[in-house]
There are 2 protein chains.
Amino acid sequence: MLKYEAIARELREDIQQGKYTPGEQLALEKEMCQQYGVSRITIKRAVDELVKQGLVVKRRGSGTFVKSLKDEDVKELSMANQFSGFAATFKGRKVASKILRFEIIHPTAEVAAKLQLAVDDFVYDIIRVRLLDDRPVVVEYTQMPIQLIAGLKRQTLEKSIYSYIEKDLGYKIQSAHRTVRAVMPTDEEREQLQIEGVLPLLEVTQVAFLDDGRPFEYSIARHRGDYSNFRSVSIR
Amino acid sequence: MLKYEAIARELREDIQQGKYTPGEQLALEKEMCQQYGVSRITIKRAVDELVKQGLVVKRRGSGTFVKSLKDEDVKELSMANQFSGFAATFKGRKVASKILRFEIIHPTAEVAAKLQLAVDDFVYDIIRVRLLDDRPVVVEYTQMPIQLIAGLKRQTLEKSIYSYIEKDLGYKIQSAHRTVRAVMPTDEEREQLQIEGVLPLLEVTQVAFLDDGRPFEYSIARHRGDYSNFRSVSIR
DNA sequence: GAGTGGTCTAGACCACCCC
DNA sequence: GGGTGGTCTAGACCACTCG
């Protein structure tokens, strides 16, 4: 366990357990150095993690202060700005997939550009409905280069493609670039998501990258607007 | 100008100007130390900025590599994950506001909790339509504590509240916690945003914080789905 | 002026990758 | 085994805040 990670975790737990009142000042960096027996840069890194997670605020010349947050918000934070697939996001709940399509095609010029392919290369073309506790919540349109993600089977799609990529292929996933929009469902989507009446969808378009910088996935996920939202913490 | 910032900017410009082919390896950190005459930690910080912006990928044991990105994407990045108000986001374009409401009320229990207020405290209650190049693109419902944001005038709302808070009140804005959803417009919103037919809205709910950790704004912005999107880079 | 966090250094050792 | 980036140290100086 890394020192700065361990310290960050300890501080985060203290805050989440309400050991500080909203707006209260944290121990000084110099004090923490002694307390934890590490150098100041290490303390700084630990506290900067909490800043990134939106839990505290640092002011040069004054100190570090716990943000004045609603209790529930404190618990929900630290997850925002992170990256994980559908299955990992809802770990512990019942997750399933219904496969509507699993073909190999040529990508459009648009997708080819995003995935750094030529239009006469091949990609998997996958459409899945993802179910959470037996209720359909999202339709995912996924394209991946067959050269990179070799040997994909129907069975894998039932579960987690990401787990296949990491555990079986031995790749590491590094990041995802996302764009979020609001859209209306198509008739097909209304049926698949069992939508009655008028309900918009949250569309998340994503290009995902391996740790060598190669894009391996272009996907469009359309979430039921009444189930899903998207959180983030922006620092100035 | 900070050293790591300057170096990050220089590297970013090189990448944006296409001086590297997709997937190409950057100079080693040790080499950059010599090239820029700084220590390795400083180089590391600079390169870590590029990682955060989604432009490069670092692999321990191998080196740092430029992501394989579409050219347009390279230019649009580095803005994602940042925080700015409406006026700042569209700097250079014609921005205006139509004020639909400007009152002082008691907050609901929900909003009071988010803003760390009591329900018998007072908040401004503001509704504005924001126009971009004379076209309405978003309706903003904003509440702010009157104790904190004192002396707000109708005139200020026409322009930028954030600029008032920073320049006139002398506060510093630190961060914003956001949640994004897809919703349908109300009849009133349809009218204000001049929506014909069926068009969903992208709803961004935000709590914004000063640099001392105090929340100063609870706002719900409902953007026309055909104009707006929301970008982010997630690192694993 | 005393004290805070921000930046930077020069160097060390470690985990990991690839040959 | 040679080389990469990751972590960490001990110390310095700076920019800023506040009494």
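When each of B:E31 and B:K172 is assigned the nucleotide of DNA chain D with its nearest heavy atom, B:E31 is the one assigned upstream, toward the 5' end. Ranked by how close their nearest DNA chain D nucleotide is to the 5' end, A:T42 and A:R59 are led by A:T42. Each of B:Y4 and A:S62 was assigned the nucleotide of DNA chain C with the nearest heavy atom; the assignment lying further toward the 5' end belongs to A:S62.
An OP1 or OP2 oxygen of D:dG3 is reached within less than 4.0 angstrom by no side-chain nitrogen or oxygen of B:K30. Phosphate proximity of D:dC8 to A:K44: absent, as no side-chain N or O sits under 4.0 Å from OP1 or OP2.
Going from atom OH of A:Y36 over to atom P of D:dA10 covers 18 Å, rounded to whole Å. If you take CZ of A:R60 and C1' of D:dC18, they are 15 Å apart, rounded to a whole angstrom. Atom CG of B:L28 and atom P of C:dC17 are 17 Å apart (whole Å). What separates CG of A:D211 from C1' of D:dG6 is a distance of 15 Å, to the nearest Å. The distance from atom NZ of B:K58 to atom P of C:dC16 is 16 Å, rounded to the nearest whole Å. Computed from coordinates, the B:I41 CD1 to C:dT7 P distance equals 13 Å when rounded to whole Å. Counting to the nearest Å, the C1' atom of C:dT9 and the CD atom of B:E29 are 15 Å from each other. Between A:R45 atom CZ and C:dG5 atom C1' there is a gap of 17 Å when expressed in whole angstrom units.
The minimum heavy-atom distance between A:L148 and A:P215, with the atom names listed, is CD2-O, 3.6 Å.
In the interface, the side chain of A:R40 is paired with the base of C:dG6 through a donor and an acceptor atom under 3.5 Å apart.
A centroid separation of less than 6.0 Å is found between the aromatic rings of B:H177 and B:F209.
In this structure, B:R154 forms no cation-pi arrangement with B:F102, as its terminal cationic atom is not both closer than 6.0 Å to the ring centre and no more than 45° off the ring axis.
Here B:V47 lies out of heavy-atom contact (under 4.0 Å) with every strand.
Crowding of B:E13 atom CD: a count of heavy atoms from other residues, nucleotides or ligands under 6.0 Å exceeding 12.
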